[in-house]
Amino acid sequence: MTSRRSDPIATPDPAVHLDPVVCPDPAVHPDPVVCPDPAVHPDPVVCPDPAVHPDPVVCPDPAVHPDPAARLTELRAILAEHNHRYHVLDRPIITDEAYDALFRELEALERDHPEWITPDSPTQRVGGAPVEGFAKVAHRVPMLSIVTDAEVGEFHRRVSEGLNETVIDYAAEPKIDGVAVSLLYRDGVLMRVATRGDGREGEDVTAQARTIGSLPLRLRGSGHPRSLEVRGEVFMTLEAFAGFNAAALERGEKVFANPRNAAAGSLRQLDPRVTAKRPLKLYCHGVGEVVDGGEDWPACHDQWMDRFRGWGLPTCPDARVVRGVEGCREYYRYLESRRDQLAYEIDGMVFKVNDLAWRERLGFVARAPRWASACKFPSREALTVVEAIDVQVGRTGALTPVARLEPVGVGGVTVTNATLHNFEELARKDVRVGDTVRVRRAGDVIPEVVEVVLERRPEEAVPVPWPSRCPVCGGEVARPAGEVVVRCVEGFSCPAQLKEVVRHFASRRAMNIDGLGEKLVELLLTQGLIVDVADLYRLHTLRERLASLDRMGEKSADNLLAAIEASRERDLSRFLFALGVREVGEATAASLARHFGGIEAIMAASEAELQGAADVGPVAAGRVWHFFRESGNKALVARLLAEPNTAWSRARVAERASGHALSGATVVLTGTLSAWSRQEAKARLEGLGAKVSGSLSKRTRYLIAGEAPGSKLAQARELGVEILDEAALLALVQGHPPA
Ligand code: IVH
């Protein structure tokens with residue numbers, strides 16, 4: 001697991017921060033620049049001055065530590081530090097590339113010295129070979145279950161009676177819907193991870209759990225117990241779960257019904273390399289056995305959690321200490337109101353007596369402690385009946401089966417529709433009209449059908465056939481090899497696709513045309529006021545007809561026209577996203593806009609060149625390239641570009657107007673430029689209207705010669721082609737033609 005996701009929040013600009021030590025103290029370095037002052041870091045390993053760097057920063061410079069053994073130790077510390085910042089604090093300070101470089105350096109050292117490899121080395125997260133089965137592990141202190149109370153008042157009454165106390169502080173925590181685990185550390189080094197099992201005996205999932213990035217292989221800091229059992233929850237965030245399922249669907253693989261199953265299924269993989277690819281997280285929420293190291297251990301739960309954080313063990317950021325039953329109720333209301341915004345799935349909350357001595361006094365009943373209680377939230381799943389299965393046609397023609405349901409409340413919201421994702425999923429789940437199904441809704445994810453309750457299937461229920469025609473336009477459908485999605489191939493001539501295209505174009509994150517929602521788009525299309533998105537910008541010529549539309553009127557018409565006019569100000573990045581090219585989301589659109597600077601350069605770029613933009617892979621590049629070569633799209637984009645006063649084509653208009661010297665010129669590049677890569681240079685030149693060719697001819701206007709030019713230089717002299725060096729090129733691009 002060397003490569004990590006790039007995080008735009010805290011990852012500094014790789015161009016600026018090639019050096020992985022970044023000064024984290026904003027007071028010292030207001031912008032997060034590399035700390036350049038050796039005087040600030042006299043100690044090469046860790047900045048010793050907490051006043052300067054409250055978080056220690058480690059020195060990555062191999063030149064400072066030529067001794068391989070010392071460098072190895074140091075690299076492990078550096079990598080563990082950055083791993084902690086990334087996975088636990090969510091505040092990385094170096095780029096993924098810098099991290100990977102350090103990781104590879106450590107791998108190389110360990111290859112040379114395999115005898116130095118220890119289990120707590122960051123390289124050893126994914127080392128384990130597939131296991132045959134899971135060994136049984138006895139917990140040193142049993143992993144208890146929790147009693148559930150319908151209302152927290154009942155619990156508080158038992159506790160205060162049991163203790164004969166009135167003022168009681170509780171640790172209040174979300175009850176995360178994941179897999180309970182127990183981690184065993186000896187002298188700060190992770191020895192074993194086990195599942196809860198029956199509470200006394202679980203299964204050894206050490207090799208699998210080691211792959212979880214936020215799980216420390218060695219505790220940070222000092223003062224660890226000789227032996228420590230940590231209790232926690234392994235889970236998948238809702239976002240990771242949705243992403244994992246979407247990717248599995250795309251590959252035609254099985255999806256998980258909920259984040260809990262996804263976490264459990266991922267942890268119980270015999271091959272740890274499979275677990276390593278699953279986006280699992282860990283929050284620690286309790287202590288098991290503690291074998292001392294001479295320390296005075298905390299007297300309260302929240303102080304233990306503070307210790308945990310100091311040792312690098314991740315804890316839930318939404319946990320609190322609350323006072324009395326009122327505090328518990330307030331926390332319940334608070335968490336319930338935030339349920340849809342939480343990054344993870346919860347099925348309720350847990351209240352635990354904070355004082356550990358009081359816990360001792362309260363003791364246990366059966367296998368549950370008297371000092372803890374769970375309060376459940378309304379379930380996110382419910383049973384209902386499928387009334388019909390409709391097929392929706394999306395913007396890209398994808399046919400999505402949707403179950404129309406007998407209305408049912410799920411987690412506080414009435415659900416009437418649930419997605420079945422695609423026809424393969426529908427066939428796999430074998431959902432039929434009349435079936436009773438389990439539906440699930442979590443966060444702001446679209447409700448989905450989890451499974452059919454087969455016992456309740458009516459006799460007459462028959463499977464839904466795969467579509468042979470588009471249900472909206474009656475056109476042909478296709479299912480390209482390797483894809484699980486059936487698509488209508490009619491494109492813009494399919495009204496359903498056209499409607500979705502316009503809707504997407506006008507949507508908030510695209511051109512943000514206020515007031516142009518689904519109903520109005522449909523009306524404009526069916527009444528023939530527009531036939532494509534370019535027509536929106538001609539709509540002002542049809543003001544009377546617009547105003548006379550059903551439920552429209554003068555005022556609404558003018559508001560809509562004003563909103564359309566305002567959308568001329570959207571920049572290239574939004575415009576690109578609005579075009580709705582498959583695989584081009586906001587991030588890809590922004591990256592393309594940044595890299596190429598103008599729409600022409602993007603339209604002219606080859607697939608390889610498109611991949612020169614950050615995070616643009618071969619699939620997205622292929623989609624973009626094909627999009628701009630399809631005649632219908634070309635005509636549409638040309639009309640949009642011809643619109644006056646638009647931000648997305650303003651640069652182009654300005655350049656055209658000034659008649660840039662490069663406009664229409666054929667240019668050949670040779671040698672290396674210091675300011676731009678070959679691809680960037682090509683894109684810039686094309687953006688100014690030049691044609692960049694690979695070979696010289698008499699028609700070539702300029703040969704641009706960088707460092708170490710090739711044979712083209714002599715050839716150009718022979719042909720009498722004008723030769724420009726890099727400085728002359730830069731001047732030319734800025735609008736100063738060569739003298
Ligand atoms: S404390 C005796 N805290 O809920 C108390 N459990 O039966 C032991 N769970 O599967 C558990 N979030 O893993 C505790 N913040 C939390 C929790 C939590 C989820 C799980 C736990 C177990 C079940 C409790």
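One-based numbering, in listed order, for ligands and for the atoms of each.
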Undergrad: Is a side-chain donor-acceptor pair under 3.5 Å present for H301 with R359?
TA: yes
Undergrad: What protein heavy atom sits nearest atom 12 (N) of ligand 1, and how far away is it?
TA: I176 N, 3.1 Å
Undergrad: Going by the order shown, which atoms of ligand 1 are within less than 4.0 Å of some heavy atom of A180?
TA: 10 (O), 13 (O)
Undergrad: What pairs of residues pass the side-chain hydrogen bond (donor to acceptor under 3.5 Å, both in side chains) test when at least one of them lies in residues 255-266, not counting sequence neighbours?
TA: S266-R278
Undergrad: Taking both backbone and side-chain atoms of G232, is any N or O found less than 3.5 Å from an N or O belonging to ligand 1?
TA: no
Undergrad: Is the closest side-chain heavy-atom distance between M236 and K281 below 4.5 Å?
TA: no
Undergrad: Relative to the heavy atoms of E173, which atoms of ligand 1 are at a distance of less than 4.0 Å?
TA: 3 (N), 15 (N), 16 (C)
Undergrad: Does any part of the side chain of Y185, heavy atoms only, come nearer than 4.5 Å to the side chain of W311, both counted from C-beta?
TA: no
Undergrad: Less than 6.0 angstrom separating the ring centers of F351 and F155, yes or no?
TA: no
Undergrad: To which protein heavy atom is atom 8 (C) of ligand 1 closest, and what is the distance rounded to 0.1 Å?
TA: L144 O, 4.0 Å
Undergrad: Which heavy atom of the protein is the closest neighbour of atom 7 (O) of ligand 1, given with residue, atom name and distance?
TA: I146 N, 3.4 Å
Undergrad: Taking the side chain as C-beta and beyond, is there a heavy-atom pair between H139 and E201 under 4.5 Å?
TA: no
Undergrad: Quick check on P369 - does any of its heavy atoms sit under 4.0 Å from an atom of ligand 1?
TA: yes
Undergrad: Tell me whether P174 has any N or O atom under 3.5 angstrom from an N or O of ligand 1.
TA: yes
Undergrad: What part of K352, side chain from CB on, backbone N/CA/C/O, both or neither, has a heavy atom under 4.0 Å from ligand 1?
TA: side chain
Undergrad: Got a donor-acceptor contact below 3.5 angstrom from the R210 side chain to the Q124 backbone?
TA: yes
Undergrad: What is the nearest protein non-hydrogen atom to atom 16 (C) of ligand 1, stated with its residue, atom name and distance?
TA: H285 CD2, 3.4 Å
Undergrad: With sequence neighbours excluded, what pairs up with H156 under the side-chain hydrogen bond (donor to acceptor under 3.5 Å, both in side chains) test?
TA: Y170
Undergrad: Where is the nearest protein heavy atom to atom 9 (N) of ligand 1: which residue, which atom, and how far?
TA: E233 OE1, 3.4 Å
